[in-house]
Amino acid sequence: MEYNFGEIEKRWQQYWIEHQTYKVTEDPSKPKYYVLDMFPYPSGAGLHVGHPLGYIASDIFSRYKRLQGFNVLHPMGYDAFGLPAEQYAIQTGQHPAITTQKNIARYREQLDKIGFSFDWSREIQTCDPKYYKWTQWAFIRMFHSYYDNQLKKARPISELVEQFSRQGTSGLNVACTEPLEFTAEEWNSKSEKEQQQILMNYRIAYLGDTMVNWCPQLGTVLANDEVSEGVSIRGGYPVEQKKMRQWCLRVSAYAQRLLDGLETIEWTDSLKDTQRNWIGRSEGAIIRFNTSNGSSFDIFTTRADTIFGVTFMVLAPESELVGQLTTDEYREAVQAYIEKTKKKTERERIADKSVSGVFSGAYAIHPFTGEKLPIWISDYVLAGYGTGAIMAVPAHDSRDYAFAKHFDLPIVPLIEGCDVSEESFDAKEGIMTNSGFLNGLTVEEAIPRAIDEIQNRGLGYRKVNYRLRDAIFSRQRYWGEPFPIYYKDGMPYTLDEGELPLELPEVDKFLPTETGEPPLGRAKNWKTKDGYPLELNTMPGFAGSSAYYLRYMDPHNDEALVSKNADEYWRNVDLYVGGTEHATGHLIYSRFWDKFLFDLGVSCEEEPFKKLVNQGMIQGRSNFVYRVKGTNTFVSFNLKDKYDVTPIHVDVNIVHNDVLDIEAFRNWNPEYKTAEFILEDGKYICGWAVEKMSKSMFNVVNPDDIVESYGADTLRLYEMFLGPLEQSKPWDTNGIDGVYRFLRRFWNLFFEGNKLALQDSEPTRDELKSIHKLIKKVTSDIETFSFNTAVSAFMICANELSSLKCRNRSVLTDFVICLSPFAPHISEELWHLMGNETSVCDAVWPSFDESYLKEDVFTYSISFNGKSRFTLDFQADATREQIEAAVLAHPNSQKWLEGKSPKKIIIVPKKIVNVVI
RNA sequence: GCUCGGAUGGUGGAAUGGUAGACACGCAAGACUUAAAAUCUUGUGACCAUUACGGUUGUGCGGGUUCAAGUCCCGCUCCGAGUACCA
């Protein structure tokens with residue numbers, strides 16, 4: 001009987017819909033397992049063959065867990081707000097909602113063809129008001145919360161207000177933008193507006209004046225993870241630094257918990273490392289320096305031990321200290337320098353490695369020696385890190401060194417025997433010298449000793465600093481969640497939770513207003529709250545994706561983000577599958593958001609994603625034809641060196657196993673209608689290269705086309721067979737025939753002519769051995785995500801059973817169940833043909849029996865001095881003496897022993913005998 | 001610069017320190033066919049032999065540990081990813 005995948009796949013996809021096979025509900029009688037994919041942004045280009053890689057892997061795992069008796073939650077949805085739909089709207093006038101819905105429909109159509117076990121009744125779209133109601137709700141809660149450093153959790157802001165009115169800021173230990181001090185009387189005598197301004201300093205969602213990444217082309221600010229090398233990730237437009245009043249999330253308050261949480265989850269070490277670097281914890285000290293005019297300022301350093309090597313100070317150009325410290329004499333030069341650095345874009349600043357700076361005219365006083373230290377201003381010091389000011393130790397910091405050399409400032413070495421004539425000595429090792437009370441100590445000892453001394457003298461204190469910045473949460477765009485915020489007397493207030501969702505209004509154009517307000521400023525019927533104006537910014541892309549995994553647990557609940565009941569059953573994601581590109585964006589924000597919800601008691605787990613697997617990127621594999629210059633003649637790959645040729649990209653879909661379909665090529669482009677070919681062996685062979693998968697390279701392979709010609713099961717198996725899941729690899733349709741042949745061979749195991757031909761007899765020992773070997777291998781391969789070797793195991797077993805002429809019902813039943821997570825359609829078909837009434841999804845994963853895997857006879861490899869020479873068979877119960885005797889008695893042994901007697905004989909059970917001579 | 005990966009046939013890739021190259025593609029030969037496709041069988045790292053069920057060599061390079069190293073250790077080379085004046 002023919003393996004008609006088209007018919008089979010259609011039939012069972014229909015069956016699964018009709019029987020709601022993949023619908024799940026909370027079932028306390030079963031253990032839960034939550035498998036989640038990073039939901040896609042539905043782009044206009046549709047899915048290419050790389051996108052489903054992770055979905056197939058997670059689908060295999062979900063189906064496997066289900067067969068093992070778990071109640072598996074495996075949902076899918078769309079991250080539907082975002083820039084491309086809005087850019088498209090600006091160009092075409094088509095409403096982003098329409099574009100998005102169209103793209104979603106296309107995605108769904110493509111996904112459906114691959115046979116995923118998603119519970120689509122739980123589908124969410126982040127642009128759906130019913131969904132973003134809860135994004136807005138969480139924002140309101142963040143607005144009304146502050147972070148208590150003592151309790152290490154978020155608390156209602158009302159508690160802070162109460163504390164202010166009772167005791168002011170005394171004894172306060174909370175996360176804030178800048179430390180403030182006031183008494184209860186002062187607080188109580190402030191106006192409503194003044195109090196609101198002060199509270200902004202503490203809210204977890206707050207309005208702050210911060211340096212932001214401003215992208216003029218996109219007309220919006222961007223988060224740090226949306227910018228790379230000075231250009232926007234989406235679109236690649238230049239980004240500049242600008243000070244703006246923006247909504248921010250106090251992610252930095254959670255820095256330590258985000259760091260500590262990494263210890264409790266199963267992520268790869270490299271991803272944890274990336275997050276650790278991004279959080280960037282560094283231990284050091286804040287040291288106060290007095291200036292010659294009587295004021296003072298703080299610096300942060302991790303090298304307090306180098307305090308005696310400070311020869312000058314440097315301020316960031318953006319620092320507020322610049323204005324306070326600069327003397328009148330130098331004011332003009334400083335102003336000019338600041339103007340110059342401001343003009344540079346982020347990108348230019350990165351590219352420009354040259355040293356620049358200007359003297360402020362002011363001096364700091366060295367806290368130990370009383371020496372006068374000139375204060376400089378330079379853009380190598382960042383306003384956003386530490387205090388925006390540093391103590392420069394040119395002998396032991398390469399940047400300070402470069403600066404000192406350039407401006408001819410003194411360099412004082414502090415480590416015995418170090419040579420700083422050519423470069424600084426940055427290593428944290430050696431014995432201190434020229435360092436007063438630190439002399440003779442190692443660097444390791446000197447750091448804490450120096451900080452102790454500084455603390456004792458009241459010059460500063462120990463401080464842990466984090467690189468992690470607060471997230472900038474405003475976007476000057478249309479296609480995002482509106483803020484549930486209105487302004488009264490210039491201060492923001494939240495809408496009542498009962499007024500949510502605050503829906504996105506209609507606008508006539510998706511561009512900023514003439515007065516430079518965001519697009520929402522155009523809304524005619526935009527609601528006002530009791531006559532007060534609403535916030536015109538919208539939320540960024542990561543807002544909707546930060547807590548979506550919670551919403552899948554209870555997607556239709558209008559009363560809560562997630563019910564207590566559903567949350568306590570599903571808890572958190574057991575397996576999260578997605579790309580590494582979200583390592584510092586989504587995966588930080590999600591963890592932050594979840595920790596906040598955990599503090600509120602909404603989420604019962606402190607980490608959202610227990611185990612995380614990163615699938616590799618699928619790159620494109622481009623094909624080339626070679627046109628002889630100045631002609632319309634194309635020469636085959638191996639003959640091209642004899643001609644002067646230009647390589648031209650050719651659509652990979654008209655090339656099979658690197659052989660060009662000449663007819664299709666002539667029809668591909670009118671230019672090639674009359675093309676001539678110089679063939680080899682009657683074929684035109686194309687060249688190839690690995691490139692990014694993109695339309696312009698003509699190397700995009702569409703999953704629909706593969707499903708059309710080979711079937712979804714073949715696509716699924718082949719994507720897994722291509723290589724290790726985590727590894728990046730090019731898509732190469734060559735080779736797909738291998739898994740396709742396997743499926744047909746497997747299919748044929750069941751049939752004699754057109755009839756199902758199964759036998760109910762006892763399986764033979766060889767059949768049992770083969771199938772139990774498969775069960776063992778596939779079980780362990782799925783557990784370790786080695787899907788590529790699992791596919792090989794299927795092929796091996798099918799070949800073995802085929803040569804054994806196995807028709808045994810129980811053996812083939814186990815095979816079908818094992819294969820069903822990988823190739824659900826063919827498995828479902830065979831499962832039903834074998835007389836089962838229910839879906840193969842509800843079968844039970846077979847267990848393997850080691851006793852069938854036992855060998856009677858083992859083939860030993862006999863080595864002499866580690867070099868393998870011949871093989872010998874031994875019974876499993878052969879004794880050491882028997883083996884030794886047999887080896888030495890073997891005629892070949894004489895040859896390798898060369899008359900000498902062995903020093904030692906090493907026997908590795910069941911495998912190796914090594915004779916050491 | 002720093003951090004983390006990786007390097008194995010013509011290709012994708014297998015190998016708890018124990019017969020390197022599983023499995024698959026491709027290629028070659030054969031069977032079936034008027035023929036082609038499909039299918040099946042056999043072979044396939046390189047080199048030397050071919051009377052053999054033979055020998056030599058071989059996992060980016062150079063050392064080391066071990067009876068035994070693709071795998072562990074030290075020192076390089078190249079490639080990829082992330083990050084970057086973070087004091």
Side-chain angles (χ1 to χ4, degrees), chain A residues 224 228-229 268-278 280-282 284 299-304 306 314 316 349-350 352-353 355 378-382 384-393 396-400 402-403 426 465-469 580-581 583-584 614 616-617 619 621 657-658 688 717-718 721-724 726-742 744-745 748 786 788-796 799 802 859-871 892 902-917:
Chain A
N224 282 341
S228 176
E229 299 190 355
T268 58
D269 288 338
S270 76
L271 189 58
K272 285 187 187 179
D273 257 0
T274 307
Q275 291 223 335
R276 283 191 197 104
N277 290 340
W278 192 259
R281 180 191 156 104
S282 55
I299 60 98
F300 174 76
T301 182
T302 56
R303 293 293 303 273
T306 62
V314 188
R349 233 166 114 162
I350 290 166
D352 185 7
K353 297 272 179 197
V355 177
S378 173
D379 64 1
Y380 84 88
V381 174
L382 305 177
Y385 186 77
T387 62
I390 62 153
M391 62 178 209
V393 185
H396 302 292
D397 181 284
S398 54
R399 295 152 302 174
D400 297 343
F403 195 83
D426 291 13
N465 217 354
Y466 298 92
R467 197 189 85 114
L468 185 69
R469 305 260 59 89
T580 28
E581 65 272 21
T584 53
N614 287 121
M617 288 260 285
Q619 297 141 302
R621 185 182 188 276
N657 290 344
D658 292 336
W688 62 276
L717 281 167
Y718 187 56
F721 186 66
L722 216 47
E726 292 89 346
Q727 193 175 304
S728 285
K729 58 236 164 197
W731 175 266
D732 181 0
T733 307
N734 299 345
I736 197 167
D737 289 329
V739 291
Y740 184 54
R741 278 178 204 143
F742 153 70
R744 277 189 306 185
R745 268 203 294 267
N748 287 331
S786 308
N788 55 332
T789 51
V791 177
S792 295
F794 287 126
M795 294 178 178
I796 294 168
N799 285 343
S802 172
T859 300
Y860 281 67
S861 171
I862 316 300
S863 307
F864 291 83
N865 281 346
K867 196 132 196 92
S868 174
R869 294 302 176 183
F870 59 93
T871 61
N892 286 359
K903 280 192 194 133
K904 191 158 57 160
I905 299 179
I906 287 144
I907 300 178
V908 180
K910 301 169 188 176
K911 273 187 177 161
I912 305 275
V913 178
N914 190 16
V915 182
V916 186
I917 304 163

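Below, chain A is the first sequence line, B the second, and so on; all start at residue 1. Note that the coordinates shown come from a computational prediction; the quantities given were computed from them, not determined experimentally.
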Item checked: Note: A:Arg303-A:Asp426 ion pair, threshold 4.0 Å (strictly below) -> no
Margin query: Regarding A:Pro724, tell me which of base, sugar-phosphate or nothing describes its non-hydrogen contacts under 4.0 Å with the strands shown.
Written below: sugar-phosphate
Check: OP1, OP2 of B:rA87 versus side-chain N and O of A:Asn465: anything below 4.0 Å?
Finding: no
Next item on the list: Could you please spell out the steps behind the side-chain hydrogen bond (donor to acceptor under 3.5 Å, both in side chains) verdict for A:Ser282 and A:Thr302?
Entry: CA-CA 7 Å; A:Ser282 55; A:Thr302 56; over 6 Å; no
Next item on the list: Output yes when at least one side-chain N/O atom of A:Arg741 is less than 4.0 Å from OP1 or OP2 of B:rC25, else no.
Entry: yes
Notebook entry, point to check: When the C1' atoms of B:rU77 and B:rA29 are considered, how many whole Å apart are they?
Noted result: 42 Å
Checklist line | Whole-angstrom distance between B:rG58 and B:rU3, as gauged at atom C1' | finding: 34 Å
Check: Base, sugar-phosphate, or nothing for A:Asn799, non-hydrogen atoms under 4.0 angstrom?
Finding: sugar-phosphate
Item checked: Closest to side chain of A:Arg869, choosing from B:rU16, B:rU83, B:rU56 -> B:rU56
Check: A:Ile390 near the nucleic acid: base, sugar-phosphate alone, or nothing, with a heavy-atom cut-off under 4.0 Å?
Finding: base
Next item on the list: Using atom CZ of A:Phe870 as one end and atom P of B:rG55 as the other, report the distance to the nearest whole Å.
Entry: 11 Å
Margin query: By the 4.0 Å heavy-atom rule, please label A:Ser792 as base, sugar-phosphate, or nothing.
Written below: base
Notebook entry, point to check: Taking only N and O in the side chain of A:Gln727, is any of them less than 4.0 Å away from OP1 or OP2 of B:rG6?
Noted result: no
Check: For atom P, what is the distance between B:rA15 and B:rC2, given to the nearest Å?
Finding: 33 Å
Checklist line | Length of the NE2-P vector between A:His396 and B:rC85, whole Å | finding: 24 Å
Notebook entry, point to check: For B:rA38, does either OP1 or OP2 sit under 4.0 Å from a side-chain N or O belonging to A:Arg744?
Noted result: no
Check: Taking the same atom, P, in B:rU42 and in B:rA24, what whole-Å distance lies between them?
Finding: 12 Å
Check: Across the strands shown, which category fits A:Ile906 at heavy-atom distances under 4.0 angstrom: base, sugar-phosphate, nothing?
Finding: base
Note to self: By the 4.0 Å heavy-atom rule, please label A:Asp269 as base, sugar-phosphate, or nothing.
What the structure shows: nothing
Note to self: Requiring both pairing distances under 3.5 angstrom, list the stems that contain RNA chain B and are made of three or more consecutive Watson-Crick or G-U pairs.
What the structure shows: B:1-7 with B:77-83, B:10-12 with B:23-25, B:26-31 with B:39-44, B:45-48 with B:54-57, B:60-64 with B:72-76
